[in-house]
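Note that the numbering runs from 1 along the sequence shown for the chain.
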Amino acid sequence: MCHSLLGPFAFGSNVNFVVGNNGSGKSAVLTALMVGLGGKATTTNRGSSLKGFVKEGESSADVSITLRNKGRDAYKPEVFGQAIIVDLKITREGMRTYKLKSKAGHLVSAKKDELLAILDHFNIQVDNPVSMLTQEMSKHFLHSKGEGDKYRFFMKATQLEQMKEDYTYIITTKNVTLDTVEKHEECLEGLKRKYLEKEDRVKSLASLDDMHSKLEELKNQMAWALVSEMEKEVKPMREKLQSEERSTVKYDQKVDEWKVTNITLLASVHRFKTNLRDLEKDKDQLSRRINELKLSISQTSGAETQVRVERMEKLQTDLDTLNFQDSTLGQQMEQFQQAVSRAKDELEKMMREEEDLKRSMEAIRRKLQTMEGSRSDRLRRFGEKMPALLAAIEDADRKGQFRKKPVGPLGYCIRLKDHEQALAVEKCLGSLMVAFTCDNHEDEKLLQGLMRGYYQGGRRPQIITCQFFNRVHDTSRAVNHPDYPSVLQSLEIEDPVVANCLIDQRGIETILLIKSPAEARRVMQGRQPPRNCYQAFTKEGDQCYNNRYYSNDQRRCDYLSRDEELEEINNKISAGRAESEEARRKMAQLKASWEEVEQRYRQHKDSISTVAEEAEPIKVTNRWRYISTFPLFSQEELSKSDQDVEKSKHHKKHYEDKRKVHINTIQALKASLELKEQELTASVVKATEICPERSEVRRTARSLDSEISRLKLKISTQQDQQGDREEVIRQYQEALENYSNINQQVKCLKRFIQVLCKIMDDRHRVYTELRRFLSVRCKMYFDSMLSQRGYIGKMMFEHKNETLSISVQPGVGDKAALSDMRSLSGGERSFSTVCFVLSLWAIAEAPFRALDEFDVYMDMVNRRISMDMMLKIASSQRYRQFIFLTPQSMRYCSLPSPSCVLTLSNSVLFYILGGLSPEC
C-alpha cells in the first residue's frame with residue numbers, strides 16, 4: 001500500500017459512501033477491513049502476501065477496527081463492553097499479530113481463535129463476495145460473460161460451495177474406508193485359517209498339562225523332602241548341644257568348689273604364718289619374764305608356791321575354755337562378715353535391677369498405651385496428635401481452603417500384601433511413613449500453619465509438594481524379578497497420588513524385597529544384579545547394595561505392626577511384672593536376712609570383746625606354755641597347709657582346662673548348628689515360595705529327583721515333537737487376537753459406512769432442497785428488482801452442468817424478446833448485475849455489506865436507478881450496515897437518513913451527514 005495514514009473512518013449505522021478519485025485509497029479501506037478481520041491476502045486480490053501491504057520504507061502496518069457489541073446478541077459484554085476493538089499489526093516479514101481490546105482499551109486477548117469466535121458469533125464472512133465485493137471479484141464474476149462464473153458466484157455467495165466441498169471430502173473418505181474394508185476382509189480369511197490351525201495345535205497339547213501338573217506336584221514334594229531331611233540332621237545336633245550345655249554346669253561347679261577351697265587354704269596358711277611370727281615375738285618376751293619369775297619363785301616359801309600352782313592350774317583351765325570360745329567366735333564372726341558382705345552386694349544388685357525394671361516397664365507401658373489405642377484407631381500409631389491434625393485438614397477442606405485436599409500420612413494410605421515384609425517396608429520408606437503430600441505451594445503453606453498448632457516446638461511431619469495425577473506414573477523401567485517382588489508390587493495403594501509420591505521420592509519400583517539375608521547378598525552382589533535395581537531390603541530390615549551391606553538394629557515395626565505384636569508386648573509386660581514382684585520379694589528377704597546377720601554380728605562382736613577382757617590376765621600367765629608347744633604342731637600344720645594349697649591349685653587348673661576344652665566343643669557345635677539352621681531356614685523359605693502349604697512327604701529326595709528327571713525328559717521329548725508349549729500358546733493367542741481385532745475393525749467400519757451413507761443421503765437430499773429453494777428465491781428477487789425499471793428477465797439454473805444463464809430485456813412487457821446479457825449495453829448490463837447482487841443480498845445474511853466500484857460501467861440514469869434501489873433496500877434494513885465505494889460523485893443522489901458520505905481527496909477526508917444531496 002502507498003498510504004501512510006488513512007482514516008480514521010467513522011461509519012454510520014446504516015448507509016455509508018466512500019467517494020474519491022482513483023488512487024485516493026477507497027479500495028485500501030475495503031482491503032483493510034478484510035485483512036483486519038482475518039482474511040487472507042489472496043482474498044483481497046491486491047497481493048499474494050501480507051508483507052505486500054506494508055508501505056515501502058516502513059517496518060509495519062497497523063489496522064484498527066471497532067465492532068459494535070450491543071443488544072441481546074452481544075459477545076461477552078461483561079468482558080468487552082459495548083464495543084470490540086480489533087488491532088492488527090503486519091510486519092515487514094509478513095507476520096501479523098492481533099490484539100482484541102474492550103471499549104475501555106483494555107487488552108482482552110491476543111489469540112486469533114478469539115477473533116474467529118467473534119466472527120462466527122456475528123456471522124461475518126470476509127471471504128463471501130456478497131458481504132465484501134472487491135473490484136476484481138466484481139470483474140471476475142459479475143461482469144464475466146461466462147455462465148459457469150455466475151453459477152460459482154451464486155454458490156460461493158450462498159455458501160453452498162463450501163457444503164459441496166465438505167460432501168465431496170466425505171465421499172472420498174468413504175471410498176477410502178471401503179477400500180480398507182475390502183483389504184481387511186481379504187486378510188480376515190487368511191487370519192481365520194491361521195487361527196484355526198493354531199487352535200488345533202493347542203488342543204493337541206492337552207496331554208502335556210497332566211505331565212506338567214505332575215511335575216509341579218513332584219517339585220513341591222521335593223522342596224519339603226529336602227526340608228525334612230535337613231530337619232533330621234539338625235535334631236541330633238541340637239540334642240547333643242543341650243547335653244553338652246548341661247555338662248558345663250558340672251564343670252563350673254567343680255571349678256568353683258576348688259576355687260573356694262584354694263582361697264580357704266591360702267587364708268589359713270596366711271593366718272598360721274601371721275600367728276607364728278606373733279608367737280615367736282611373745283616367746284622372747286615371755287622367756288625373759290619366766291627367768292624373772294623363776295628367780296622370784298626360788299626366793300618364796302613352799303606354801304606360797306603350792307597356792308600359786310593351784311591358782312595357775314585354775315587359770316589355765318579358764319584360759320583353755322576362753323581360747324576355745326575365742327576361736328569359735330572368731331570363725332563365726334568371719335562367716336558373719338562374709339555373709340553380710342554378700343548380702344550387701346546382693347541387695348545393691350537387686351536394687352539396681354529393680355530400677356532397671358521400673359524404667360523398662362514405664363517405657364513398655366507408654367508403648368502399650370499407644371498400641372492399645374492404635375488397635376481401634378490406626379492413626380494413633382503415627383502419633384498421638386495425628387487424628388486431630390487429620391480432622392483439622394478435613395474441616396479446612398470442607399470450608400474450601402485447599403485447592404486440592406492434602407494426602408497423608410503416606411504410611412496410613414498403604415496396605416501390605418505380606419505382613420512378613422512390614423519391617424523391611426517401614427525401614428525402606430523411613431520418614432515418608434508420616435509425611436504428607438500437597439498439590440501446590442499454597443496448600444503446603446496452609447498445611448504448615450495447621451501443623452504448627454499441633455507440633456509446637458517438636459518435629460513436624462515432612463510435606464512433599466508435587467502435582468496430583470489421577471493415574472499412576474509409567475513404571476515400564478521398574479525392576480521385574482521372577483522370584484522377588486519390588487516394594488511397589490508388595491503394596492496395595494488405592495490412591496495414585498500416594499503411589500506417584502513414593503515412586504518420585506523413594507523409587508519404590510526399583511527396590512526389591514528379599515526375605516533371606518544370604519539370598520539378598522547372592523542376588524544383589526552376584527555377577528549380574530537385577531536390571532533397574534540398585535538396592536534390596538531383607539525381612540529383618542537390612543539394606544543390601546551391590547557393593548555394601550547395612551544391618552538394621554530395629555527389631556519391631558512402629559507403624560505397620562499387627563495386633564499379635566501387642567499381645568506379645570502384653571505377655572512381656574506380665575512377665576516383667578512377675579519378675580519385678582519376685583525381685584522385690586527376694587530383696588525384702590535379703591534385707592531382713594542382712595539386718596538379722598548384722599544384729600548377730602554386733603552381738604558376737606560384743607561377746608568377743610568381753611571374753612578378750614576376761615582372758616587377758618590369764619593369757620599373760622599361760623603364754624609361755626602355749627608358746628613352748630605351738631611351734632611343734634604349727635610347723636607341721638603349716639607344711640601340710642602348703643601341700644593342700646598346691647594340691648588345690650592342681651585340681652583347679654585340671655578342671656579349668658577340662659572346662660575350656662568343653663566350652664570350645666560347645667562353641668564348635670553352636671557354629672555348626674547355626675550354619676545348619678541357616679541352611680534349614682533358607683530351605684524352608686525356598687520350599688514356601690515353591691509350595692506355601694507344607695505337605696507330608698514319605699519318599700526320599702533322591703527318589704523324587706530321579707522321577708523328576710524322568711518326567712522332564714518325557715516332557716522335553718513331547719515338546720520337541722509338538723513344539724514348545726509356551727511358543728504354541730503364544731502363537732495361538734496372537735493369531736486369535738489378530739483375527740478378533742481385524743474382525744472387530746471390519747464390523748466397526750461397515751457399521752460406520754452404513755451410518756455415513758444414511759447421513760450423506762439425508763444431507764444430500766437436504767442440500768438439494770436448500771439449493772432449489774435458494775435458486776427460486778434468487779429468481780423471485782431478481783425479477784422484482786428488474787421490474788422497478790420496467791425490465792423483464794429470466795434466470796436459468798443448470799445445477800447438473802453448474803451454469804447460470806441470465807436473460808434480460810430492457811423493453812416493456814412482451815413487445816421484445818428476451819436476450820442474453822452480452823447483447824446489452826454496458827450500463828444496462830451493470831444494472832442487471834446490481835439486480836443480481838441485490839437478489840443475493842436477500843437470500844444471504846450478513847451484519848454489514850461492502851461494494852467496491854459497483855457502478856463504474858453505468859450511465860447516469862442506470863446509476864441513479866441502481867442507487868435508488870440499493871438505498872431503498874438499505875433504508876428498509878436499518879439493522880444492517882452498508883458501505884459503498886465509488887469514484888462517482890454523489891451530487892445528484894438523494895441519500896436517506898441517517899447516511900454518511902466520506903470523500904477522499906488529496907489525502908483529505910471529508911464527512912457529510914444527512915439525507916440531502918450534498919454539493920461537493
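Sorted by first and then second residue, the pairs that involve residues 739-750 and meet side chain to side chain donor-acceptor pair (under 3.5 Å), not counting sequence neighbours, are Glu185-Lys750. The list of side chain to side chain donor-acceptor pair (under 3.5 Å) pairs with a residue in residues 385-408, not counting sequence neighbours, reads Glu394-Lys405, Asp395-Arg398, Asp395-Lys399.
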Please report the C-alpha distance between Leu429 and Ile414 in whole Å, then the side-chain angles of each, then the deciding distance to 0.1 Å, and finally whether the side-chain contact (heavy atoms from CB on, under 4.5 Å) criterion is met.
CA-CA 11 Å; Leu429 299 183; Ile414 63 176; 3.8 Å; yes
side-chain contact (heavy atoms from CB on, under 4.5 Å) between Lys539 and Ser516: does it pass, once the steps are laid out?
CA-CA 7 Å; Lys539 182 173 64 175; Ser516 172; over 6 Å; no
Take Val479 and Arg531, measure what side-chain contact (heavy atoms from CB on, under 4.5 Å) needs, and give me the verdict at the end.
CA-CA 6 Å; Val479 61; Arg531 187 179 180 185; over 6 Å; no
Go through Arg548 and Gln543 one step at a time and tell me if the side-chain contact (heavy atoms from CB on, under 4.5 Å) criterion holds.
CA-CA 9 Å; Arg548 59 192 184 277; Gln543 194 172 6; over 6 Å; no
Going through the distances and angles, do Asp418 and Lys515 end up as a salt bridge (Lys or Arg N to Asp or Glu O under 4.0 Å)?
CA-CA 11 Å; Asp418 184 2; Lys515 294 183 180 180; 2.9 Å; yes
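Electrostatic pairing of Glu492 and Lys417 does not count as a salt bridge here, judged by no charged N lying under 4.0 Å from a carboxylate O.
Side-chain contact check for Leu488 versus Leu502: every heavy-atom pair is 4.5 Å or farther apart. Contact of the Leu447 side chain with the Pro406 side chain is registered, since non-hydrogen atoms from C-beta on lie closer than 4.5 Å. Taking the side chain as every heavy atom from C-beta outward, Pro461 and Phe382 never approach each other to under 4.5 Å. With a 4.5 Å cut-off on side-chain heavy atoms, Leu512 and Pro485 do not count as touching. Side-chain contact between Phe436 and Leu390 is present, with heavy atoms from C-beta onward closer than 4.5 Å. Residues Tyr534 and Thr510 have side chains in contact (heavy-atom distance under 4.5 Å, counting atoms from C-beta outward). Contact check for Thr437 versus Ile463: no side-chain heavy atoms found under the 4.5 Å cut-off. Side-chain contact between Val434 and Leu410: absent, with no pair of heavy atoms (C-beta onward) separated by less than 4.5 Å.
Aromatic ring pairs are classed by plane angle as parallel below 30°, tilted from 30° to 60° and perpendicular above 60°; the pair Tyr545 and Tyr550 is perpendicular.
Legend: residues meeting salt bridge (Lys or Arg N to Asp or Glu O under 4.0 Å) with Lys112, ordered by chain and number and at least two apart, are absent. With sequence neighbours left out, Glu734 forms a salt bridge (Lys or Arg N to Asp or Glu O under 4.0 Å) with Arg730. The salt bridge (Lys or Arg N to Asp or Glu O under 4.0 Å) check on Lys111 picks up nothing, with sequence neighbours excluded. Not counting sequence neighbours, the partners of Tyr484 by the ring pair (Phe, Tyr, Trp, His ring centres under 6.0 Å) test are His481.
Counting non-hydrogen atoms of other residues, nucleotides and ligands closer than 6.0 Å to CG of Asn470 gives a total of 12 or fewer.
Asn552 places a side-chain N or O within donor-acceptor distance of the main-chain N or O of Glu540, the cut-off being under 3.5 Å. With hydrogens and angles disregarded, a donor-acceptor distance shorter than 3.5 Å links the side chain of Arg415 to the backbone of Tyr412. Formation of a donor-acceptor pair under 3.5 Å by the Asp443 side chain with backbone atoms of Phe402 is not found in this model. Remark: side-chain polar atoms of Ser486 are paired, donor with acceptor, to backbone N or O of Gln489 under 3.5 angstrom. Between the side chain of Thr465 and the main chain of His441, no donor-acceptor pair closer than 3.5 Å is present. With Asn500 contributing its side chain and Arg471 its backbone, the two residues share a donor-acceptor pair below 3.5 Å. Within the 3.5 Å criterion, the main-chain N or O of Gln525 finds no donor-acceptor partner in the side chain of Asn546.
Atom CG of Leu178 sits about 4.0 Å away from atom CD1 of Ile753, to the nearest 0.5 Å. Of the inter-residue distances, the one linking Gln462 atom CD with Leu432 atom CG reads 5.5 Å to the nearest 0.5 angstrom. Separating the CG atom in Asp474 from the CD atom in Glu509 is a distance of 10.0 Å, to the nearest 0.5 Å. To the nearest 0.5 Å, the span separating CD1 on Ile511 from CD on Gln535 amounts to 4.0 Å.
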